[in-house]
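First the proteins, then the strands, lettered A, B, ... as listed; each starts at 1.
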2 protein chains.
Amino acid sequence: MRILIAEDEKKIAEFIRRGLKEEGYAADAVHNGPDALRLAEENPYDLLLLDVMLPGLDGVEVCRRLRGGGFSAPIMMLTARDRVEDKVKGLDSGANDYLTKPFAFEELLARVRALLRPRPAGEAAVLKAGRLELDLPAHKARLDGKPLELSAKEFSLLEYLVRNKGRAVTRTMIAEHVWDINFDSGTNVIDVYINYLRRKLEKGGAGGMIATVRGKGYRLSE
Amino acid sequence: MRILIAEDEKKIAEFIRRGLKEEGYAADAVHNGPDALRLAEENPYDLLLLDVMLPGLDGVEVCRRLRGGGFSAPIMMLTARDRVEDKVKGLDSGANDYLTKPFAFEELLARVRALLRPRPAGEAAVLKAGRLELDLPAHKARLDGKPLELSAKEFSLLEYLVRNKGRAVTRTMIAEHVWDINFDSGTNVIDVYINYLRRKLEKGGAGGMIATVRGKGYRLSE
DNA sequence: CCGGCACCATGCGAATACTGATAGCCGAGG
DNA sequence: CCTCGGCTATCAGTATTCGCATGGTGCCGG
């Protein structure tokens, strides 16, 4: 398993690299954004550890560009604590997981294992619902095999619906899982995004997949 | 299931109320201690969510008085984080559980479910009564396998009837569990909704499932 | 057997709540 | 400076909820 570490503090990078090596992973380290981008594009890494603060090009940006270029390996962002907005931006830009610094190496290891684990039965890398497919590592959606262009939020929302296909999910649940908002009753973002999704699905000839459950929320048909 | 929320911050109270409503609970909200005490004493709530900080009379005190007065429904205290002593006082005063704010709504929900479930894990996800099926997670009703279009209230009412199939349920019971009203206000909503249900069942060829028990209420045949 | 009464069914309609849809604001990225 | 994603604000259409009024039905005492 090959892992790329992008972290500007060399001591930390080296610390992680050694630890991963001891666990049997092949790990490289780079210390700035452009290098991270170049190496990740040119080599078949299985996982990318990406610090948010990187000279030259920050982690979120590296992530965005890689995903834009079709990079499909899982990405884990590293971010300073009390920077929740980073977390949100990171996930929005296509990261699969995030970890706040400082962290226990054990925890990093556990998450790395989780991301690299050849999906233990029941947890597929590709979610399906009828004619719809969501490739999670690559953050790509397909309808009848044809790619569906979705923004990061649209993807997250659809992912949540697909994970709960056949079940009615409430707006509150959606808000918590997709938006990270806890206390806000005055927004209609969810309705708006449902509308976006319906429109795109409709254009792909799959209208009617998302049903409204009046007074509750929405339900994706299987 | 009827829940009383006592929380002085109106936005939070409303958020909780809405979320619980989406889950099919009938919830009322009050914003101060005395109101909480009065409503809880006068109405048959199944659960009480009680913030510690309440104007007029704090949550711990409300809890103590209710318990002193024989109030038997479970009480869950809400408290600001880093106020551990509140937790202790809360539990001492007769609360069944506590939750620190801020919290994820889902956690609240999980605990609410736990407190309201007298019989652990004994609940089926799909309720049945003769040719009728209620798929709770999907929030869908079927008759002979064919979908039955029901509004939220209709669904709740039917759910209550199915849970009590074979038994006669009084209007008062229905009012208390399905609506959040006391059956004193001279309303006939229940009759009206029974009528709606009968009509829809009739159209699906299952007339006569809901029998009138004169002078008492209604009964759903098995 | 019959009248009266309490109880119940049902149609109608007003008020309300919920949803869908669109337009526009804002900030970040290029 | 333009574009795009994310979001807010708003409005109209419609389903839902519920009160009211009318008429029906079963039950009881006489």
Measure up the Tyr160(B) and His177(B) rings against each other and bin them: parallel (under 30°), tilted (30 to 60°), perpendicular (over 60°). parallel

Any side-chain N or O of Asn195(A) under 4.0 Å from OP1/OP2 of dG20(C)? no

Between dC8(C) atom P and Ile174(B) atom CD1, what is the distance in whole Å? 11 Å

Please report the distance, rounded to the nearest Å, between CG in Asn188(A) and C1' in dT19(C). 10 Å

Among dT22(C), dA9(C), dG11(C), which is the nearest nucleotide to the side chain of Tyr218(B)? dA9(C)

Glu202(B) bridged to Arg199(B) by N-O distance under 4.0 Å: no

What pairs with Arg171(A) under side-chain hydrogen bond (donor to acceptor under 3.5 Å, both in side chains), at least two apart in sequence or on another chain? Asp191(A), Tyr218(A)

Rounded to the Å, how far apart are Lys21(B) NZ and dT16(D) P? 14 Å

Tyr193(B) has a side chain; which of dC18(D), dT19(C), dC20(D) sits nearest to it? dC18(D)

Interatomic distance, Leu57(A) CG vs dG30(C) P [rounded to whole Å]: 9 Å

Indicate yes or no: at least one non-hydrogen side-chain atom of Leu201(B) is less than 4.5 angstrom from one of Leu148(B). yes

Is the shortest side-chain heavy-atom distance between Ile75(A) and Met77(A) below 4.5 Å? yes

Return the value, rounded to whole Å, for the distance between atom CG of Asp191(A) and atom P of dA23(C). 17 Å

Below 4.0 angstrom from OP1 or OP2 of dT17(D), is there any side-chain N or O of Trp179(B)? no

Residues touching DNA chain C, which here means a heavy atom under 4.0 Å, drawn from residues 146-158 of chain B: none

Is the distance from OP1 or OP2 of dC7(C) to the nearest side-chain N or O of Thr212(B) less than 4.0 Å? no

For dG19(D), does either OP1 or OP2 sit under 4.0 Å from a side-chain N or O belonging to Thr187(B)? yes

Under 3.5 Å, side-chain donor or acceptor atoms of residues 45-55 of chain B against the rest of the protein: list the pairs with distances, not counting sequence neighbours.
| unit_1 | atom_1 | unit_2 | atom_2 | d |
| --- | --- | --- | --- | --- |
| Tyr45(B) | OH | Asp28(B) | OD2 | 2.4 |
| Asp46(B) | OD2 | Arg2(B) | N | 2.6 |
| Asp51(B) | OD2 | Lys101(B) | NZ | 3.4 |

Please pick, from dT22(C), dC7(D), dT10(C), the nucleotide with the shortest atom-to-atom distance to any side-chain atom of Tyr196(A). dC7(D)

Applying side-chain hydrogen bond (donor to acceptor under 3.5 Å, both in side chains) to Thr212(B) and not counting sequence neighbours gives Arg198(B)

Figure out the CD1/P separation between Ile194(A) and dG6(D), and round it to whole Å. 15 Å

Respond yes when some side-chain nitrogen or oxygen of Lys216(A) is under 4.0 Å from OP1 or OP2 of dT19(C), and no when none is. no

May I have the distance from Leu201(A) (atom CG) to dG20(C) (atom C1'), rounded to whole angstrom? 16 Å

Do nucleotides 22-30 of chain D as a string where each nucleotide becomes B, S or -: B if the base has a protein heavy atom under 4.0 Å, S if just the sugar-phosphate does, - if no protein is that close. ---BB----

Sub-3.5 Å donor-acceptor pair from the side chain of Asn32(A) to the main-chain atoms of Asp35(A), do we have one? yes

So, using side-chain hydrogen bond (donor to acceptor under 3.5 Å, both in side chains) as the criterion, who are the partners of Glu14(A) when residues are at least two apart? Arg17(A)

Presence of Arg171(A) side-chain N/O under 4.0 Å of dT19(C) phosphate oxygens OP1/OP2: yes

Calculate the interatomic distance between Arg199(B) atom CZ and dT10(C) atom P; express it in whole Å. 8 Å

Can you check whether Leu20(B) reaches Ile5(B) side chain to side chain, under 4.5 Å on heavy atoms? yes

